[in-house]
Amino acid sequence: RRNLDRLEHLKQQGVNVYSQNSAAVQKAEIIILTVKPYTVGAVLNSLQEVIDANRHIIISAATSVSLADLSEAADVACPVFRVMPNTAANVNESVTCISHRHASDEQVKLVEELFSCLGTTINIDEDHMEAATVLGACGIAYVMRFIRAMIQGGIQIGFDTKTASDIVYQTVLGAAELLIKRGEHPEHEIDKVTTPKGCTIEGLNEMEHNGFSSSLIKGIVASYKKIER
């Protein structure tokens with residue numbers, strides 16, 4: 001049962017809220033599906049009578065639901081998109097991967113502009129959407145675990161939790177900005193801080209001896225195999 005009280009804050013911001021999906025679709029031009037993958041078919045089936053191929057664009061953020069599945073469930077040849085943002089959308093820093101079918105250049109640009117409000121967008125082939133889900137969406141958790149471990153290490157070598165966190169957060173942000181703004185390969189920036197017999201190379205080698213890079217790669221591949229099933 002839909003609880004419209006939870007959407008009251010949206011109404012106060014001028015958003016039209018409906019208790020029925022069909023009523024909302026009739027008033028809209030863009031249909032964004034952010035439901036569980038197993039419910040996508042049923043939702044679109046129930047909207048077949050109100051979806052207009054000449055007016056509507058369907059966008060799905062459901063994992064593993066293909067563009068062909070979306071078209072079949074809607075039973076109409078309207079433009080369909082798959083998108084995969086990540087939770088950094090909450091601070092407008094998401095990377096959203098996009099693939100599409102039956103869409104014009106203008107419609108593709110419209111969807112890119114829409115999701116650019118949440119961060120950056122990258123157009124990819126649909127065949128890579130599962131890989132994008134792992135690298136971009138699951139990847140948030142991988143990075144968070146790395147950050148957590150760095151903070152724990154910082155505490156062990158003498159910092160309080162807040163100070164360790166502040167140093168690590170800015171270090172991770174700075175590292176990402178270096179790569180984005182300079183367009184360099186990570187190894188190029190690593191080489192700048194690994195002096196002969198220094199503490200950086202000592203730490204890096206210890207991590208690699210314990211499988212740091214290989215563990216991360218294996219984790220990414222394991223997630224990909226799981227999502228492919």
Side-chain angles (χ1 to χ4, degrees), residues 1-87 89-90 94-138 223-224 226-229:
R1 184 176 178 180
R2 296 177 178 87
N3 184 355
L4 295 184
D5 291 340
R6 296 177 61 184
L7 303 179
E8 187 63 33
H9 68 288
L10 295 177
K11 292 174 66 175
Q12 294 174 0
Q13 296 176 44
V15 177
N16 294 321
V17 175
Y18 300 91
S19 60
Q20 298 296 323
N21 288 333
S22 57
V25 168
Q26 286 177 312
K27 297 290 185 179
E29 295 181 1
I30 299 175
I31 305 166
I32 301 178
L33 301 170
T34 56
V35 296
K36 297 293 185 183
Y38 63 85
T39 66
V40 169
V43 170
L44 287 177
N45 287 161
S46 70
L47 297 173
Q48 287 180 356
E49 293 184 2
V50 293
I51 294 177
D52 184 346
N54 296 316
R55 187 165 70 92
H56 286 120
I57 294 174
I58 298 174
I59 303 174
S60 170
T63 303
S64 298
V65 180
S66 70
L67 295 171
D69 290 338
L70 294 171
S71 294
E72 182 179 352
D75 195 30
V76 63
C78 64
V80 289
F81 288 78
R82 288 179 65 183
V83 299
M84 184 49 60
N86 62 35
T87 55
N90 193 47
S94 172
V95 55
T96 301
C97 293
I98 302 172
S99 60
H100 57 84
R101 183 183 192 186
H102 303 314
S104 66
D105 291 344
E106 183 179 354
Q107 289 164 334
V108 171
K109 183 179 179 181
L110 174 62
V111 174
E112 288 175 348
E113 289 177 349
L114 178 63
F115 284 90
S116 289
C117 295
L118 304 178
T120 62
T121 62
I122 299 176
N123 279 297
I124 62 172
D125 293 334
E126 186 185 13
D127 291 344
H128 293 146
M129 189 55 78
E130 276 64 44
T133 301
V134 171
L135 207 57
C138 302
S223 290
Y224 181 69
K226 176 68 175 181
I227 206 173
E228 266 199 316
R229 293 175 189 170

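If you take CE on Met84 and SG on Cys138, they are separated by 8.5 Å, rounding to the nearest 0.5 Å. For the atom pair OG of Ser64 and CZ of Arg82, the computed distance is 6.5 Å after rounding to the nearest 0.5 Å. To the nearest 0.5 Å, atoms CD (Gln26) and CG (Asn21) are separated by 11.5 Å. To the nearest 0.5 Å, atoms OG (Ser22) and CG (Leu47) are separated by 7.0 Å.
Other residues, nucleotides and ligands contribute at most 12 non-hydrogen atoms within 6.0 Å of the CD atom of Glu72. Atom CD of Glu106 has 12 or fewer heavy atoms from other residues, nucleotides or ligands within 6.0 Å. Other residues, nucleotides and ligands contribute over 12 non-hydrogen atoms within 6.0 Å of the CD atom of Glu113.
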Inset, instruction - Apply side chain to side chain contact (heavy atoms under 4.5 Å, CB included) to Ile98 and Ile59, showing your working. - result: CA-CA 10 Å; Ile98 302 172; Ile59 303 174; over 6 Å; no
Inset, instruction - Decide side chain to side chain contact (heavy atoms under 4.5 Å, CB included) for Asn123 and Thr121; before the verdict, give the C-alpha distance in whole Å, the side-chain angles of both, and the deciding distance to 0.1 Å. - result: CA-CA 7 Å; Asn123 279 297; Thr121 62; 5.7 Å; no
Inset, instruction - Evaluate side chain to side chain contact (heavy atoms under 4.5 Å, CB included) for Asp69 paired with Val40, printing each intermediate quantity in order. - result: CA-CA 9 Å; Asp69 290 338; Val40 169; over 6 Å; no
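Taking the side-chain hydrogen bond (donor to acceptor under 3.5 Å, both in side chains) definition, one finds that Gln107 meets it with Ser104, sequence neighbours left out. In this view, Phe81 and His100 satisfy the ring-ring contact (aromatic ring centres under 6.0 Å, His included) rule, not counting sequence neighbours.
The side-chain heavy atoms of Ile32 and Val83, taken from C-beta on, include no pair separated by under 4.5 Å. Proximity of Val80 to Ser60: side-chain heavy atoms (C-beta onward) are nowhere separated by under 4.5 Å.
Counting all heavy atoms, side chain and backbone alike, Ala132 lies closest to Cys97 at CB-SG, 3.6 Å.
Note on residues 30-51: no pairs pass ring-ring contact (aromatic ring centres under 6.0 Å, His included), not counting sequence neighbours.
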